[in-house]
S.K.: 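To start, I am sharing the structure in question, which I have written as structure tokens.
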There are 4 protein chains.
Amino acid sequence: MDGFERRREQKKLQILEAALSLFIEFGTQKVSIAEIAKRAKVSQVTIYNYYESKDKLIQEVIIYYIHKAWSEYEELFQSDLTFPEKVKRIIFQKSDIANHIHASFFQDFMKEYTEENNFIEEFYAEKALPKFIELFNEGKEQGYIDPSISNEAILFYIQMFKEYMQRPDIANSLLPITEDLTKLFFYGIVGKNEN
Amino acid sequence: MDGFERRREQKKLQILEAALSLFIEFGTQKVSIAEIAKRAKVSQVTIYNYYESKDKLIQEVIIYYIHKAWSEYEELFQSDLTFPEKVKRIIFQKSDIANHIHASFFQDFMKEYTEENNFIEEFYAEKALPKFIELFNEGKEQGYIDPSISNEAILFYIQMFKEYMQRPDIANSLLPITEDLTKLFFYGIVGKNEN
Amino acid sequence: MDGFERRREQKKLQILEAALSLFIEFGTQKVSIAEIAKRAKVSQVTIYNYYESKDKLIQEVIIYYIHKAWSEYEELFQSDLTFPEKVKRIIFQKSDIANHIHASFFQDFMKEYTEENNFIEEFYAEKALPKFIELFNEGKEQGYIDPSISNEAILFYIQMFKEYMQRPDIANSLLPITEDLTKLFFYGIVGKNEN
Amino acid sequence: MDGFERRREQKKLQILEAALSLFIEFGTQKVSIAEIAKRAKVSQVTIYNYYESKDKLIQEVIIYYIHKAWSEYEELFQSDLTFPEKVKRIIFQKSDIANHIHASFFQDFMKEYTEENNFIEEFYAEKALPKFIELFNEGKEQGYIDPSISNEAILFYIQMFKEYMQRPDIANSLLPITEDLTKLFFYGIVGKNEN
DNA sequence: AATGAATGAGGGTTCATTCAT
DNA sequence: GATGAATGAACCCTCATTCAT
């Protein structure tokens, strides 16, 4: 990569970072190209030179965001933590970014998700999912997970927790009940049957 | 209420219904006052005569929606169903409306929720919450809920399930794992300890 | 037509007149909605309230223009002038408007003309064409037109003359050769055979 | 011309050809410098290095086009065809290029034509016009043209035919009346007086 | 000489809101 | 009270042109 390309990449990054931070805070609709340009310290047209439309930019920002978010997880999966510890972190670990995400950005995120031929699905299937399955099997072997429950269901269950924990509107009321939620996660509402 | 007022109320209702249906389908941002006026068969200015701004209208629509949605629950609480059955229905019952709700409407819903002095909070505290608490205590007495877990946490847990079930982007993949999710809800990932 | 509608029609007319004069002078592309709004003394949005887009406006202006231009002809056809006189006037009569028409307006005019289901074609077939045919038959009966030549060809020939005379870029050089052109029109390049 | 200059000339040609083809198809206004650069496989700035602005480029393209178009005629004038045959060809010969010319290009062509100190006028006066005059005189001598008609008028007449034949919007309806039009050209609407 | 990158100015269009009847 | 008409502000996007390498 020569000097030209490097500068080009850097500019693209500037724009992505500016867009991402604004999208996360205000959502995609409320943020205008002009604002992104201002924060990225480029002209509006420069943005159009790199990303052909606002829609395409949003898409690229989502991809950028996923890469960024995933890298936080990769470490965790490869760590030496025990199974319950890993799971707890997955659920409660607040990605600093994700935690303040705005609903309208989330919405576009999801729209991208539901569309066919999308990047997220692919990324998910090839990188994220295998890691999770691996973790679940580990959990089943070690007796932490009821083996009669399908991996799909567990994944779903974990993701539900995880996403819900990260919803900005409920983050505040979360702390006092963390302990209880952990219990609920592991033993459900019936609770641990200690006999 | 005389004839005048009745007509007035009917017009307001027309507007609310029109706005609600559009908001649910397209979100609040993408729906213009002009469109609402058209569907409600009213002039734009009439809307402004009743609701001083679009923001206020959205607020009123949310309130209207909550009343509508709550009435579906009230029946359930007063029914003769067993505790587990009630809980299952709460979680899995798809409110036909809620199921197709658009993210941007949801977003405004949540914004309203997080603001102070809001209607939802109040409504929730005075009408919804007590019913839930009552249900949980019933569940604890009957041995269906671990009594060491706080009602706040259980409420949170239930709502998480409920809301997640209703997310339009995942509704499709839900059916095959309903059984497992029910198990997870009651016994967590560790599963029922039958010995 | 009540007061409302009358004012509405008047505003529409204001806009059409403003747009027409600008289009004729500068062409359709170079004229912005902002300029039309300014000359018509309305806001840009008002234009959009009446005409849903610039394209639609151009279309309506063309229709308006045709009606206007045609009314100049109707008189001529019904007059008591002799056949040669009528024909001469058709060819050389400078519609004050048409004479200064800008090429880009002409272009859109023609685009409208070539599209299917267009107004011009219909107008032409139902109003203009019959009048011309009538005139040609009159000319043939009176010995002014070679009866072996089809009406289509004559129409074509006349229109060619007419349109060409009105081309702004050549109007200036026209006057000194009017006489000769008349001869050419009636007798072709071979000239009158006076034996 | 050394190697450098040759390459330079070749690049200029690339640009002219690219611009011409785009202008003919889409008109001058709708074609952006970026598109020309792309088709010519050159950077935008290179275009500015050779032609100082878009307007200047358009001018040069017009000159280029005229040279190209004229060469088609030169052959015809020098051929051994009879006078009537030559004239017919001039009128009906469809220059493949000219036939699909876009109105906006034509417009700029004409604008250039009407401006003073222009190339077209000069070219016309010095190269094209003399050839036509020569032809007309030949026609008059051979009895094909009424000698009482000025050369200006005949030229005008011919050009009118020629240009009108080439108008894309009427080319289709032309074929069936070619015969009649030829008659009209030679004998006018009164027709040949054979006795 | 040639290029990729960057830009100011402007265009069409939409929208929530207000005016005037 | 209800409406059609009108608007200023903003938005996304394009373009001819210049800058910097």
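Bear in mind the structure is a predicted one, so any value in this text is a computation, not a measurement. Proteins get letters first, then strands, A, B, ... in listed order; numbering begins at 1 in each. Values below: all heavy atoms of this structure, side chains included; hydrogens, waters and symmetry mates excluded.
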S.K.: Reckon A:Y50 has a side-chain N or O less than 4.0 Å from the OP1 or OP2 of E:dA6?
M.R.: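 Affirmative; the distance criterion is met.
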
S.K.: If I compare all heavy atoms of B:L57 with all of B:L16, which pair ends up nearest, and what's the gap?
M.R.: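 Scanning both residues completely, I find the closest heavy atoms to be CD1-CD2, 4.4 Å.
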
S.K.: Does A:K41 or B:T28 map to a spot on DNA chain E nearer the 5' end, using the closest nucleotide for each?
M.R.: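 Here A:K41 is the residue nearer the 5' end.
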
S.K.: If each of B:I33 and C:S32 is mapped to the nucleotide of DNA chain E with the nearest heavy atom, which maps nearer the 5' terminus, i.e. the 5' end?
M.R.: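 Its nearest nucleotide being more 5', the pick is C:S32.
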
S.K.: Using a cut-off of less than 4.0 Å, is there contact between a side-chain N or O of C:R8 and OP1 or OP2 of F:dA5?
M.R.: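 So the side chain of C:R8 is within the cut-off, an N or O lying under 4.0 Å from OP1 or OP2 of F:dA5.
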
S.K.: C:I47 and C:I33: which non-hydrogen atoms are nearest, and at how many Å?
M.R.: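 Here C:I47 and C:I33 meet closest at CD1-O, 3.9 Å.
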
S.K.: Output the rounded distance in Å from NZ (A:K12) to C1' (E:dG4).
M.R.: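 About 14 Å, once rounded to whole Å.
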
S.K.: Restricting to salt bridge (Lys or Arg N to Asp or Glu O under 4.0 Å), what partner residues turn up for D:E35, sequence neighbours left out?
M.R.: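 Result, salt bridge (Lys or Arg N to Asp or Glu O under 4.0 Å) vs D:E35: none returned.
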
S.K.: Please state whether the phosphate of E:dG4, meaning OP1 or OP2, lies under 4.0 angstrom from any side-chain nitrogen or oxygen of D:S43.
M.R.: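 Checking D:S43 against E:dG4: no side-chain N or O falls below 4.0 Å of OP1 or OP2.
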
S.K.: In dot-bracket form, 5' to 3', how is DNA chain E paired? Count Watson-Crick and G-U wobble pairs only if both distances fall under 3.5 Å, and write | where the partner sits on another strand.
M.R.: .||||||||||||||||||||

S.K.: Return the nearest nucleotide to the side chain of A:V42; candidates are E:dA2, F:dT3, E:dT7.
M.R.: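 Side chain of A:V42 sits closest to E:dT7.
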
S.K.: Taking atom C1' of F:dT18 as reference, at what distance in whole Å does atom CD1 of D:I47 sit?
M.R.: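 Answer to the nearest Å: 15 Å.
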
S.K.: Do the side chain of A:N49 and the base of E:dA6 come within less than 3.5 angstrom through a donor-acceptor pair of N or O atoms?
M.R.: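 By the distance-only test, yes, there is a pair.
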
S.K.: Rounding to an integer number of Å, can you tell me how far B:K11 NZ sits from F:dG1 C1'?
M.R.: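 Rounded to whole Å, this separation is 9 Å.
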
S.K.: Can you give me the closest heavy-atom contact between B:A18 and B:I36, atom names plus distance?
M.R.: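 Shortest heavy-atom contact: CB-O, 4.0 Å.
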
S.K.: According to a strict under-4.0 Å criterion, is A:T46 in side-chain N/O contact with OP1 or OP2 of E:dT7?
M.R.: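 For A:T46, the contact criterion (side-chain N or O under 4.0 Å from OP1 or OP2 of E:dT7) is met.
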
S.K.: OH of C:Y48 versus C1' of F:dA10: gap in Å, rounded?
M.R.: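 So the two atoms are 14 Å apart, to the nearest Å.
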
S.K.: Taking the basic N atoms (NZ, or NE/NH1/NH2) and the acidic carboxylate oxygens, is any pair closer than 4.0 Å for B:E17 and B:K68?
M.R.: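 Counted as a salt bridge, because a side-chain N and a carboxylate O are separated by less than 4.0 Å.
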
S.K.: What residues in residues 51-58 of chain C put a non-hydrogen atom under 4.0 Å from any atom of DNA chain E?
M.R.: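 Correct list: C:S53, C:K54.
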
S.K.: Checking contacts here: which listed nucleotide (F:dA5, E:dA5, F:dA16) is nearest the side-chain heavy atoms of D:V45?
M.R.: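 Shortest atom-to-atom distance from the side chain points to E:dA5.
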
S.K.: Specify the separation, in whole Å, of atom CD of C:Q29 and atom C1' of E:dG10.
M.R.: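 Interatomic distance, CD of C:Q29 to C1' of E:dG10: 15 Å.
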
S.K.: Can you figure out which of E:dT17, E:dA2, F:dT3 approaches the side chain of B:Q44 most closely?
M.R.: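 The listed nucleotide nearest to B:Q44's side chain is E:dT17.
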
S.K.: Work out which heavy atom in A:K12 is nearest to a heavy atom in A:Y51; give both atom names and the distance.
M.R.: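 For A:K12 versus A:Y51, the nearest heavy atoms are O-OH, 3.3 Å.
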
